[in-house]
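To keep things clear, I will list the structure first and then write my remarks on it.
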Amino acid sequence: MSQNARYNGKASWEEWRQTWQNEERYNFRTIEKKWQQIWQDEKAYKVEIDHNKEKFYALVEFPYPSGAGLHVGHPRSYTALDVIARKKRMQGFNVLYPMGFDAFGLPAENYAIKTGVHPAISTKENIANFTRQLKSLGFSFDWDRCFNTCDPEYYKWTQWMFIQFYKHGLAYKDKMAINWCPSCKVGLANEEVVNGHCERCGADVVRRDKEQWMLAITKYADRLINDLDQVDFIDRVRSTQINWIGRSEGAELEFELTDNSGNSLGKKMVVYTTRPDTTFGVTYCVMAPEHQFVGELMGMFENADDVRQYVNETAKKSELQRTADTTKTGVELKGIKARNPYTGALIPVFISDYVLTGYGTGAIMAVPAHDQRDYDFAKVFHLPIVQVLAGGDISEAAWEEDGTHINSGFMDGMDKKEAMAAAIKYAEEHGFGHAKVNFKLRDWVFSRQRYWGEPIPMVYCEHCGWQPIPEDQLPLTLPEVPDYRPNDNGDSPLANATEWVNTTCPKCGGHARRETDVMPNWAGSSWYFLRYCDPHNDKEFASKEALDYWMNVDWYNGGMEHTTLHLLYSRFWHKFLYDCGYVPQPEPYQKRTSHGMILASDGEKMSKSRGNVVNPDEIVENYGADSFRLYEMFIGPFDQVAMWSEESLNGVYRFVGKVYSLFKKVYADKDAPMSDEDLRAMHKCIIEVTERIDQMKFNTAVSSLMTYVNHLATMKMIPAQMYATLLKLLSPFTPHLAEEMWARLGGKTLIVTESWPVGDAKLAAENEVTVAVQINGKMRGTINIAKDADKTEVEAEALKLDNVARQLEGKTVKKIIVVPNRIVNIVA
RNA sequence: GGGGUUGUGGCGGAACUGGUAGACGCGCCAGACUCAAAAUCUGGUUCCCUCGGGAGUGGGAGUUCGAUUCUCCCCGGCCCUACCA
């Protein structure tokens with residue numbers, strides 16, 4: 001290591017000392033820059049595979065490099081895992097803590113449309129700015145592994161993986177109603193539609209048919225739920241995922257369609273229900289207006305005009321309009337009936353937009369007595385309501401609780417479980433139905449009619465159909481285009497790059513056209529953690545050796561907002577690669593935690609429009625990176641929302657200054673003795689900080705450090721060991737300060753390379769304890785007594801207290817409860 | 001409607017498997033230093049009080065010698081999701 005850099009260019013520690021020994025204030029500006037330079041020059045955080053060491057892979061969600069720069073929310077996650085990574089490193093682990101950029105995305109493209117600046121250029125600038133900001137915070141990333149997803153060397157593999165999906169039949173093209181944003185002129189995934197609005201621009205989303213590439217994530221739905229048992233995800237992430245996948249068990253039942261007299265029309269309407277046991281309460285059926293039978297049977301309907309009109313109205317409605325208004329509307333399909341397969345009864349059939357075409361079979365059997373939506377509909381259309389579950393009063397509302405079956409033929413008297421089994425058995429025996437599991441999860445719409453994304457590596461040949469481009473021709477790079485605007489037909493800007501679009505079929509050599517849609521921005525982030533293992537590999541996305549050594553990710557932290565999208569997609573993607581034999585484990589992340597958002601001091605989300613955004617650069621400039629980091633760890637419970645407070649930040653800043661100034665009291669003699677009390681304070685701090693970092697209780701870990709510093713502050717002189725221990729414990733939080741003071745203390749190596757202190761519980765233990773004395777559960781005083789003192793001795797001491805004697809006057813002691821080292825409760 | 005999460009001083013928040021509620025920090029008050037201010041340092045700081053005490057962790061009940069912690073009911077905040085049959 002270059003001693004000069006360490007000693008600010010001086011030849012020796014002694015010479016260097018002359019320059020700072022009279023310094024009053026902690027000059028964080030120069031000191032932080034100095035250490036960042038040293039870490040960079042010495043590649044202090046670079047890691048390689050080392051089979052002699054246990055690995056630890058810490059991961060945070062890589063940012064989208066927006067033009068706005070780093071948000072104070074980013075460092076909450078980054079600092080937390082930096083603290084964990086640094087501690088693990090000092091505990092002897094080979095730690096991989098990488099950073100990169102999720103660089104494809106709409107903002108860069110929208111910016112290009114506005115200004116004409118190519119997304120590649122603005123993205124590059126933004127990445128440079130983000131990198132500068134991240135480096136200014138002293139994170140221990142291995143920068144040699146940094147990459148961004150819009151680099152062809154990276155997306156080459158994203159495209160390669162898409163081809164694997166295609167080859168395994170999991171990528172397919174389908175014409176389907178998609179969410180269409182008329183403002184962005186882009187198809188959106190369900191997940192990108194927020195309350196019927198476009199997630200990005202807020203415009204009303206409408207439905208529109210479009211040929212889309214789809215990824216068959218639903219084929220993995222069961223495994224995405226079941227394999228959660230193999231990993232350690234915090235409860236809310238786990239339950240959110242399960243909820244999103246939305247598994248439900250029920251049955252598909254066939255209802256034969258007939259004319260008014262009960263003559264079969266030769267069509268069987270399949271409905272999905274989670275309660276086949278309630279079929280005796282079915283009084284009508286409903287199909288989605290888009291259901292194929294509606295068109296096919298149009299000629300049968302006596303009120304065909306009304307039906308057509310309703311179908312048209314529904315088609316025009318946006319998602320928002322369709323879901324916002326829960327008043328039931330619909331039209332009866334006059335002229336046809338459905339036959340209840342259990343009872344043989346003929347019941348009316350309706351169409352209504354409360355039945356969705358995308359879930360189940362797009363048709364339902366309605367049980368108004370026991371489903372509120374059916375109940376509401378039945379009230380509007382004056383349909384009979386037949387109770388089949390006992391309990392409740394159905395005169396006002398549906399009874400949605402369980403109850404013994406009544407009016408249910410062979411199921412009478414049964415409970416839910418028995419009746420479900422009986423109903424399904426009956427359906428199977430009579431050949432009109434079977435048990436069926438359904439999911440809310442839909443297949444992943446993988447096409448975007450956009451420019452700034454990975455080109456989908458497929459060509460269409462009139463003779464051979466869709467063909468993947470040969471893998472040795474990857475990457476298929478984005479062509480230059482004159483205009484980034486999607487056209488009103490919904491075609492991608494790539495459609496205008498005629499030369500690029502027209503190509504030859506890899507199979508027959510004839511004329512073919514390239515796919516002009518690009519991938520969604522979730523593509524690149526679905527496997528980036530694999531690339532970190534071996535980022536410069538140009539033969540494979542990562543070598544087997546690297547994947548075997550580094551995977552899984554041991555600890556992944558990120559925002560709750562990515563729980564349903566990124567986290568689910570990347571788990572699916574990884575499972576697919578696992579099935580193909582490309583990665584060693586079925587799950588990518590061993591442990592997933594989530595941090596709370598940082599709100600502005602007014603309790604609102606930080607936003608440009610509110611003008612309450614805190615700029616990290618200013619914080620670093622005014623308080624220093626260490627104070628910033630430490631404050632973000634101290635701000636509150638890590639998993640909960642926190643409000644930014646510059647006053648609290650100032651308190652932490654004072655603490656940093658205090659640690660600096662305590663150095664003046666440090667004994668030159670390293671072997672100076674410590675009192676039992678000092679030893680106790682030190683070991684207590686070691687134990688608490690170590691435990692609390694592991695539990696992500698960073699705020700109380702910092703409290704422990706503060707308590708320890710308060711102890712040091714009361715001492716006249718501080719033994720070097722006590723101060724050195726403080727620096728080591730502090731180093732994950734405030735690495736610059738720790739390095740500087742470590743060097744001033746005479747440390748010849750980076751504190752990063754030192755080992756983490758080990759606490760001794762025996763030394764941390766008090767030998768005298770304060771025991772509370774209560775009478776009837778009320779505090780009346782305390783006694784100081786030897787630890788683990790004899791019960792009778794404790795009782796005797798407690799009774800000796802003046803206050804206790806006074807309170808007990810005229811009362812008889814019935815019982816004395818002694819909790820060792822804690823409490824004495826006298827019951828009188 | 002469904003799911004999750006949360007409610008403790010003036011504020012952010014501590015409190016291990018039920019055992020001295022308010023750690024730590026902010027703010028505030030007083031003192032020191034200063035012509036003064038900032039910065040820094042020292043002490044105090046849940047509320048009420050007749051200075052004996054009393055009340056107190058959203059509200060109400062319960063279990064217990066003892067409840068912020070466990071059980072039941074009710075009220076509120078925040079986040080996600082939503083006509084998913």
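Chain naming here is simple, since letters A, B, ... match the order of the sequence lines and numbering starts at 1 in each.
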| For the residue pair A:F377 and A:Y284, is the inter-centroid distance of their aromatic rings smaller than 6.0 Å? | yes
| task | For the pair A:R247 and A:D222, find out whether any cationic side-chain nitrogen is under 4.0 Å from an anionic carboxylate oxygen. | result | yes
| query | On RNA chain B, nearest-nucleotide positions of A:R275 versus A:D235: which is more 5'? | reply | A:D235
| message | I want to check one thing: is the phosphate of B:rG27, taken as OP1 and OP2, less than 4.0 Å away from some side-chain N or O of A:R654? | response | yes
| field | Lys NZ or Arg CZ of A:K328 over A:Y354 ring: under 6.0 Å, within 45° | value | yes
| query | Within this structure, what is the CD1-to-P distance between A:I635 and B:rG13, rounded to whole angstrom? | reply | 9 Å
| CD1 of A:I783 versus C1' of B:rU20: gap in Å, rounded? | 12 Å
| said: With rounding to the closest Å, how many angstrom separate the P atoms on B:rA61 and B:rC47? | reply: 26 Å
| note | Using Watson-Crick geometry (N1-N3 plus N6-O4 or O6-N4) or G-U wobble (N1-O2, O6-N3), each under 3.5 Å, B:rA21 is paired with none
| task | Could you tell me whether the phosphate oxygens of B:rA85, OP1 or OP2, come under 4.0 Å of any side-chain nitrogen or oxygen in A:Y272? | result | no
| query | Contact class for A:S645 vs. all strands (heavy atom < 4.0 Å): base, sugar-phosphate, or nothing? | reply | nothing
| task | Would you indicate what A:N699 reaches in the nucleic acid, counting non-hydrogen atoms under 4.0 angstrom: base, sugar-phosphate, or nothing? | result | sugar-phosphate
| task | Find the partner of B:rA30: check Watson-Crick (N1-N3 plus N6-O4 or O6-N4) and G-U wobble (N1-O2, O6-N3) distances, both under 3.5 Å, and reply none if neither fits. | result | B:rU42
| task | Identify whether any heavy atom of A:M706 sits under 4.0 Å from a base atom; if not, whether one sits that close to sugar-phosphate; answer base, sugar-phosphate or nothing. | result | sugar-phosphate
| Would you say a side-chain N or O of A:K778 is under 4.0 Å from OP1 or OP2 of B:rA55? | yes
| Between A:K436 and A:E249, is the closest basic N to carboxylate O distance under 4.0 Å? | no
| request: Decide, yes or no, whether a salt bridge links A:R76 with A:E632 under the criterion of side-chain N to carboxylate O below 4.0 Å. | output: no
| Can you tell which of B:rU20, B:rA85, B:rC24 lies closest to the side chain of A:Y359? | B:rA85
| query | NA contact type, A:T273, heavy-atom cut-off 4.0 Å: base, sugar-phosphate, or nothing? | reply | sugar-phosphate
| query | Given the C1' atoms of B:rG9 and B:rU57, what is the spacing between them in whole Å? | reply | 10 Å
| said: Looking at A:N803, I'd like to know whether one of its side-chain N or O atoms comes within less than 4.0 Å of OP1 or OP2 on B:rG53. | reply: yes
| Of all the choices, B:rC83, B:rG52, B:rA85, which nucleotide is nearest to the side chain of A:R806 once you look at every atom? | B:rG52
| request: Can you establish whether the number of heavy atoms outside A:D802 located under 6.0 Å from its atom CG is more than 12? | output: no
| message | Tell me which nucleotide, if any, is Watson-Crick or G-U wobble paired with B:rU5 when both distances must be under 3.5 Å. | response | B:rG77
| request: For B:rG52, measure the glycosidic angle (O4'-C1'-N9-C4 for a purine, O4'-C1'-N1-C2 for a pyrimidine) and name it syn if it falls within 90° of 0, otherwise anti. | output: syn
| Rounding to a whole Å, what distance do you find between A:F638:CZ and B:rU6:P? | 16 Å
| request: Under a 3.5 Å limit for both distances, which nucleotide forms a Watson-Crick or G-U wobble pair with B:rC83, could you say? | output: none
| said: Under a 3.5 Å cut-off for both contacts, is B:rC70 paired Watson-Crick or G-U wobble with anything, and if yes, with which nucleotide? | reply: B:rG62
| message | Need one value for A:R780: base, sugar-phosphate or nothing, where a base atom within 4.0 Å counts as base even if backbone is also close, heavy atoms only. | response | sugar-phosphate
| request: Can you check whether any acceptor in the base of B:rC16 is under 3.5 Å from a donor in the side chain of A:R822, or vice versa? | output: yes
| query | How far does the P atom of B:rG58 sit from the matching atom of B:rG3, given to the nearest Å? | reply | 24 Å
| What is the glycosidic conformation of B:rG27: syn, defined as within 90° of 0, or anti? | anti
| task | Take atom NZ of A:K658 and atom C1' of B:rU42, then tell me their distance rounded to the nearest Å. | result | 11 Å
| said: Need one value for A:N710: base, sugar-phosphate or nothing, where a base atom within 4.0 Å counts as base even if backbone is also close, heavy atoms only. | reply: sugar-phosphate
| query | Expressed as a whole number of Å, how far does the C1' atom of B:rC51 sit from that of B:rG59? | reply | 32 Å
| Taking NZ, NE, NH1 and NH2 as the nitrogens, is one of them in A:K684 or A:E677 under 4.0 Å from a carboxylate oxygen of the other? | no
| Sequence neighbours excluded, which residues qualify as ring-ring contact (aromatic ring centres under 6.0 Å, His included) partners of A:Y359? | none
| Should B:rC47 form a Watson-Crick or G-U wobble pair with both distances under 3.5 Å, which nucleotide is its partner? | B:rG54
Check the interface with nucleotides 64-74 of chain B: list each N/O to N/O pair with the protein under 3.5 Å, or write none.
| unit_1 | atom_1 | unit_2 | atom_2 | d |
| --- | --- | --- | --- | --- |
| B:rC65 | O2' | A:N825 | ND2 | 3.1 |
| B:rC65 | O2 | A:N825 | ND2 | 2.6 |

| field | Rounded distance in Å between the P positions of B:rA14 and B:rU6 | value | 11 Å
| field | 5' priority, RNA chain B, between A:M643 and A:S648 [closest heavy atom] | value | A:M643
| note | Ranking B:rA85, B:rG4, B:rC24 by distance to the side chain of A:S239, first place goes to B:rG4
| task | Would you please classify the geometry between the A:H566 ring and the A:H562 ring as parallel, tilted or perpendicular, with 30° and 60° separating the classes? | result | perpendicular
| request: Would you indicate what A:K697 reaches in the nucleic acid, counting non-hydrogen atoms under 4.0 angstrom: base, sugar-phosphate, or nothing? | output: sugar-phosphate
| message | Enumerate the ring-ring contact (aromatic ring centres under 6.0 Å, His included) contacts for residues 685-707 of chain A, please, sequence neighbours excluded, ordered by first and then second residue. | response | A:F638-A:F698
| A:S248 versus A:N438, side-chain donor and acceptor atoms under 3.5 Å | no
| Quick one: A:K436 NZ to B:rA85 P, roughly how many Å, whole number? | 14 Å
| query | A:T770 near the nucleic acid: base, sugar-phosphate alone, or nothing, with a heavy-atom cut-off under 4.0 Å? | reply | base
| said: Regarding A:R25, tell me which of base, sugar-phosphate or nothing describes its non-hydrogen contacts under 4.0 Å with the strands shown. | reply: nothing
| message | Please report the distance, rounded to the nearest Å, between CE in A:M560 and P in B:rG3. | response | 16 Å
| said: Students often get this wrong, so: under 4.0 angstrom with heavy atoms, is A:G246 touching a base, only sugar-phosphate, or nothing? | reply: nothing
